[in-house]
K.L.:
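Structure incoming, see below.
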Amino acid sequence: MLCCFLSGAVFSLPYFFEKLFPFTFLGLFCFFWLLKLEALEKKQFRGMLCFFLGFYLCLCTWFLAMYPLSAFGFSPVQAGLVIGFCCLFVPLKMALQHAFFLWLGRFLPENPYLRAAGYGCLWVAAELSLHLGILAFPWGTVALSQTGFSPLIGTVSLFGSEWVALFAVTVCALAVEAVKSKEQRMALATSACFILPLMAGYLLAMFPGNTQPATVPVAVLQGNISTEEKWGENVSREIFETYVAMTEEAAEKGAKVILLPETAVPVRFNENGVLHETFGEIAKKHNCTIVMGIFRKEGQASYNSLIAIDPKGALSTVYDKRHPVPFGEYMPMGELLGSLFPALKELNPEGALTVGDSPIYIENGDYRIGCYICFDSVFGGHEGASCGADFTVVVTNDGWFGDSAALGQHLRHAKLRAIESGRSLLRAANTGISAVVDKDGSLLAHSSPMKKEILYGEMPLYEKGTLYGLMGDVIPLGCVLYLAILFGYKILKKRNKKEI
């Protein structure tokens, strides 16, 4: 069991160090090798659970950076309980969920090729399950570990992020079968499964298209206002003046698109209110578009939103955040947990947010802009890749996590969203890491974390979309269909034997 746990820990390394992407394959190879051992034959679920605990416990260590939550008046003991819950319960929930799906592999056919592909499909199903429920947290996808492996991650534009999990898991399961059986034919099949997709990735990188895209000068504002400062008393005016000064400076230096982070100024935004009028004047004066994260209310509902102000000072349509952060922006099982742990209510000083149902883009006279607010960018998916945006923006805070690994991992999700859509992406993070991301996931410019900075860059405007944007989630659907056929055939076969 210790070996399974350590294999999971090895599997987690690329999530902290992007260039260590080969350890994903090493961890997976060890995982499937261990499952073949006689000692684990009747203890497979326990072995799988140990592997995923090793992975998710390591992956979630950055929750420790939240301690001591002093901005919300927590005592050291209360903060310790909250952080302990995040560091232990969240990995346990994810590990159990993931182990259950892989445990279903015991019902796969004995044919090594069908079995290896089945494990790949089960892993995809497990990752999809992490998108569901009130505690959805799809943070540890295999694709996230491969953003440093250009040939492979480039194929996300063809088939989406889930494809990377299907590829890596199937190849590693096949490789174990090939080594165990020592069959030359299986070794050749494994090599082909590994090499052919990478060749496709190389070809995509070598032939990106013949047309040179137009570019637009952009600026991303990183105010570096800590969580303690942002939610302190009587600081909204100072924060407002900070972002006004930074926006003026960026506009004077020629930026035509300026992006502010999530809920940049912690006050309610109203049409023709102070925020609109002030930033609208800057947009009109310098003929630029200003995109900003805002708080807004509509009746009794509160929203975390994105809005753009065009060069005429007019407002775009509004995007409302679709995935509020559990405990930070809404309270799952609020009445029960609020009565048991009253301090948890302090995590969300503005009250529970309403889940948005607006289109995944905003538009004005100049641009259609794809939108993700913080946690939204972790979910991604076909809708954002196919919305026909001119470019995409991600606004986030991330100040909760200091200078921990969470910042880099969250940035990598933005890279995946850019590759899926084939569009450039701007990312504004309150405390970093802010970035200008090209359609292949490469960073055209990026900021340093925990530093006040205006990030300048030239953002390409691409016209062509991606195959993934056109075809949609064929990989997840194909995986579900494949598993249904395999399990259905096995059930029918077993039933026929009983009848005989």
Side-chain angles (χ1 to χ4, degrees), residues 13-21 61-67 71 139 144-145 147-148 150 217-231 235 238-239 241-255 257-266 290-293 372-375 377-378 391-418 424-438 440-460:
L13 290 176
Y15 295 84
F16 295 89
F17 307 100
E18 199 170 24
K19 292 183 179 180
L20 296 184
F21 60 85
T61 50
W62 45 260
F63 276 122
L64 293 170
M66 295 171 62
Y67 191 84
W139 193 272
L144 196 71
S145 72
T147 53
S150 299
V218 298
V220 180
L221 309 188
Q222 183 172 301
N224 194 36
I225 298 164
S226 69
T227 301
E228 288 82 358
E229 292 175 294
K230 186 171 183 177
W231 302 112
V235 296
E238 182 181 346
I239 294 173
E241 291 173 352
T242 295
Y243 277 112
V244 168
M246 294 178 77
T247 305
E248 281 272 17
E249 181 180 340
E252 287 172 358
K253 291 189 176 181
V257 174
I258 301 172
L259 180 64
L260 282 69
E262 178 184 14
T263 56
V265 182
I290 299 171
V291 186
M292 58 193 304
Y372 296 102
I373 299 176
C374 190
F375 203 37
S377 66
V378 177
F391 61 92
T392 302
V393 299
V394 175
V395 298
T396 186
N397 181 13
D398 286 358
W400 295 69
F401 307 109
D403 192 10
S404 68
L407 305 189
Q409 290 172 12
H410 203 179
L411 172 62
R412 289 201 228 171
H413 284 102
K415 291 182 179 184
L416 293 174
R417 306 293 81 85
S424 300
L425 181 145
L426 298 181
R427 185 178 194 269
N430 175 34
T431 57
I433 304 168
S434 302
V436 181
V437 185
D438 206 354
D440 62 357
S442 60
L443 298 182
L444 301 176
H446 66 93
S447 68
S448 302
M450 313 306 292
K451 179 181 177 183
K452 183 180 178 181
E453 185 175 346
I454 301 176
L455 181 68
Y456 295 97
E458 290 288 332
M459 180 178 66

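Since we're looking at a predicted model, the values are computed, not measured.
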K.L.:
Less than 3.5 Å apart, which donor and acceptor atoms pair up between the side chains of residues 425-435 and the rest of the protein, not counting sequence neighbours?
P.N.:
| from | atom 1 | to | atom 2 | distance (Å) |
| --- | --- | --- | --- | --- |
| Arg427 | NH1 | Ile433 | O | 2.6 |
| Arg427 | NH2 | Asp398 | OD2 | 3.1 |
| Arg427 | NH2 | His410 | ND1 | 3.3 |
| Asn430 | OD1 | Ile225 | N | 3.2 |
| Asn430 | OD1 | Tyr243 | OH | 3.4 |
| Asn430 | ND2 | Ile225 | O | 2.5 |
| Asn430 | ND2 | Asn397 | OD1 | 2.9 |
| Ser434 | OG | Gln222 | OE1 | 2.9 |
| Ser434 | OG | Ala429 | N | 3.0 |
| Ser434 | OG | Ala429 | O | 3.3 |

K.L.:
Of the non-hydrogen atoms in Leu20 and Pro14, which two are nearest, and what is the gap between them?
P.N.:
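Closest approach of Leu20 to Pro14: O-CG, 3.1 Å.
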K.L.:
Does any part of the side chain of Val218, heavy atoms only, come nearer than 4.5 Å to the side chain of Leu259, both counted from C-beta?
P.N.:
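Not in contact.
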K.L.:
Under the rule for ring-ring contact (aromatic ring centres under 6.0 Å, His included), what residues qualify as partners of Phe63, not counting sequence neighbours?
P.N.:
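In terms of ring-ring contact (aromatic ring centres under 6.0 Å, His included), with neighbours along the sequence ignored, Phe63 is linked to no residue.
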K.L.:
Please report the shortest heavy-atom distance between Glu453 and Ser447, naming the atom on each side.
P.N.:
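Closest heavy-atom pair between Glu453 and Ser447: OE1-CB, 3.4 Å.
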K.L.:
Show the nearest heavy-atom pair for residues Gly254 and Pro217, with the distance to one decimal.
P.N.:
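In terms of heavy atoms, the two residues are closest at O-CG, 3.4 Å.
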K.L.:
Take Leu260 and Val395 through the test side chain to side chain contact (heavy atoms under 4.5 Å, CB included) and record every step on the way to the result.
P.N.:
CA-CA 7 Å; Leu260 282 69; Val395 298; over 6 Å; no
K.L.:
Looking only at heavy atoms, which two atoms of Ala406 and Trp139 are closest? And how far apart?
P.N.:
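The pair with the smallest heavy-atom distance is O-CZ2, 4.0 Å.
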K.L.:
Looking only at heavy atoms, which two atoms of Arg417 and Val378 are closest? And how far apart?
P.N.:
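Here Arg417 and Val378 meet closest at NH1-O, 3.9 Å.
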K.L.:
What are the two closest heavy atoms between Trp62 and Gln409, and how far apart are they?
P.N.:
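Distance-wise, the nearest heavy atoms are NE1-OE1, 3.0 Å.
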K.L.:
Please answer whether the main-chain N or O of Asp440 pairs with a side-chain N or O of Asp438 as donor and acceptor at a distance below 3.5 Å.
P.N.:
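Looks like no, no N/O pair under 3.5 Å.
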K.L.:
Can you list everything that forms a salt bridge (charged side-chain N to carboxylate O under 4.0 Å, His left out) with Lys451? Sequence neighbours excluded, please.
P.N.:
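Listed in chain order: nothing, the list is empty.
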